[in-house]
Peer 1: 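One structure, as structure tokens, below. Some questions next.
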Amino acid sequence: MAAGSAPEARGLMDEQTFLDNFNNLIYRHKTYLCYETERMQDDLWIPLDEYKGFLQNKSGSRRWERCHAESIFLGEIASWNLDTELRYRITVFISWSPCADCADELTKFLRENRHVNLRIFAARIYDWYQGYEAGLRALKAAGAEVAMMTFQEFEYCWKNFVDHQQDEDKPFPRWDNLDSEYERLTKKLAGILQNQED
DNA sequence: ATTTTCAAT
């Protein structure tokens, strides 16, 4: 895309949107999803810049108008028509981990698209509705890597998905207790993923 | 506008 186009058109979100939505201590009634795609070539992962960006869930006053971020994303992937003869790796950074239904959709996608690897890093665990634990386990069983975002991932997103306007080198402004909350969440996730009862 | 778990009130 053109270097002079609007930040959003280049797949960049503004700083406050990122900080408001990816903070692992603040709950939001919306979900943002950043994604990037790589292709395996000569045993190396080559970034595909045309398949990089971010999106958010659709909200609406009527239930049928709403759509979780993961569903929208799966629709986008389908429109890419990735070559089934090649090997891809998609990395997702999402503010809320997938709910049971979204985990099921992603699991189904992975089973039907063996040429695609999926890594999901979530800022927070969405544990509001029942069934999310089994959903996350199924996702892992289908080959997805599921993990919480560490400082490293937050900083990576800050550098790669956020528009810093004039100040390209603006450092990631970490918030208090980022690490301790990550520690809490990653232990919780480990417990979920290790649990055998389904 | 508020409170705030992919809104609902």
Side-chain angles (χ1 to χ4, degrees), chain A residues 8 11-37 51-79 90-110 118-140 142 144-151 153-154 156-158 160-162 173-193 195:
Chain A
E8 184 126 355
L12 298 176
M13 76 176 81
D14 67 70
E15 292 179 344
Q16 206 51 49
T17 299
F18 177 75
L19 294 174
D20 279 350
N21 286 281
F22 279 86
N23 188 310
N24 57 4
L25 286 155
I26 301 177
Y27 295 174
R28 294 293 176 201
H29 285 295
K30 49 190 174 182
T31 298
Y32 277 81
L33 185 159
C34 303
Y35 61 89
E36 60 184 3
T37 308
Y51 303 136
K52 170 180 182 290
F54 78 96
L55 54 86
Q56 87 174 96
N57 68 292
K58 274 205 204 64
S59 59
S61 52
R62 299 174 195 79
R63 192 163 291 274
W64 57 266
E65 292 175 325
R66 301 175 199 157
C67 191
H68 278 194
E70 298 90 327
S71 291
I72 297 171
F73 183 50
L74 284 171
E76 288 202 10
I77 297 174
S79 75
I90 297 175
T91 304
V92 164
F93 304 95
I94 191 167
S95 56
W96 283 116
S97 65
C99 69
D101 289 345
C102 289
D104 286 350
E105 281 188 48
L106 292 164
T107 298
K108 183 164 176 280
F109 168 81
L110 287 176
L118 180 64
R119 301 191 297 170
I120 299 175
F121 294 93
R124 301 177 298 263
I125 297 176
Y126 188 72
D127 55 6
W128 189 244
Y129 294 116
Q130 296 285 321
Y132 72 97
E133 300 102 322
L136 293 175
R137 284 193 289 273
L139 196 47
K140 184 190 173 193
E145 183 182 327
V146 183
M148 304 311 300
M149 289 175 72
T150 64
F151 170 82
E153 277 82 44
F154 288 118
Y156 181 85
C157 285
W158 177 259
N160 291 282
F161 294 99
V162 177
R174 64 180 312 149
W175 49 87
D176 290 345
N177 299 318
L178 181 157
D179 295 313
S180 56
E181 186 62 8
Y182 160 75
E183 292 294 338
R184 186 184 76 78
L185 289 168
T186 200
K187 281 176 192 156
K188 180 180 166 86
L189 179 64
I192 291 166
L193 296 178
N195 196 321

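Below, read A as the first sequence line, B as the second, and so on, with proteins coming before strands; counting in each chain starts at 1. These figures come from a predicted structure and were not determined experimentally. Excluded from the calculations below are hydrogen atoms, water molecules and symmetry mates; all remaining heavy atoms, backbone and side chain alike, are included.
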Peer 1: Please list, one pair per line, the donor and acceptor atoms closer than 3.5 Å that link side chains of residues 26-33 of chain A to other protein atoms, with sequence neighbours excluded.
Peer 2:
unit_1: A/Arg28; atom_1: NE; unit_2: A/Asp20; atom_2: O; d: 3.2
unit_1: A/Tyr32; atom_1: OH; unit_2: A/Gln56; atom_2: OE1; d: 2.9

Peer 1: Going by the rule ring-ring contact (aromatic ring centres under 6.0 Å, His included), which residues pair with A/Tyr156 if we only count those two or more places apart in sequence or in a different chain?
Peer 2: A/Phe93
Peer 1: Reading 5' to 3' and counting Watson-Crick or G-U wobble pairs with both distances under 3.5 Å, write the dot-bracket notation for DNA chain B, | for bases paired outside the strand.
Peer 2: ((.....))
Peer 1: Return the set of residues passing ring-ring contact (aromatic ring centres under 6.0 Å, His included) with A/Trp175 (not counting sequence neighbours), or none when no residue passes.
Peer 2: A/Phe154, A/Phe172
Peer 1: Identify each donor-acceptor pair in which a side-chain atom of residues 98-108 of chain A lies under 3.5 Å from a protein atom, sequence neighbours left out, and give them as a table.
Peer 2:
unit_1: A/Glu105; atom_1: OE1; unit_2: A/Ser71; atom_2: OG; d: 3.1
unit_1: A/Glu105; atom_1: OE2; unit_2: A/Ser71; atom_2: OG; d: 2.8
unit_1: A/Thr107; atom_1: OG1; unit_2: A/Ala103; atom_2: O; d: 2.7
unit_1: A/Thr107; atom_1: OG1; unit_2: A/Leu139; atom_2: N; d: 3.4

Peer 1: Students should find this one: the first and last nucleotides of DNA chain B, 5' to 3', lying under 4.0 Å from a heavy atom of chain A. What are they?
Peer 2: B/dT4 to B/dA8
Peer 1: Taking DNA chain B as the partner, which of residues 176-189 of chain A come within under 4.0 angstrom of it by heavy atom?
Peer 2: none
Peer 1: By salt bridge (charged side-chain N to carboxylate O under 4.0 Å, His left out), which residues pair with A/Arg174, not counting sequence neighbours?
Peer 2: A/Asp179
Peer 1: With A/Lys58, which residues qualify under salt bridge (charged side-chain N to carboxylate O under 4.0 Å, His left out), at least two apart?
Peer 2: none
Peer 1: Sequence neighbours left out, what passes salt bridge (charged side-chain N to carboxylate O under 4.0 Å, His left out) with A/Arg63? Give chain and number order.
Peer 2: none
Peer 1: Sequence neighbours excluded, which residues qualify as salt bridge (charged side-chain N to carboxylate O under 4.0 Å, His left out) partners of A/Glu36?
Peer 2: none
Peer 1: With A/Phe109, which residues qualify under ring-ring contact (aromatic ring centres under 6.0 Å, His included), at least two apart?
Peer 2: none
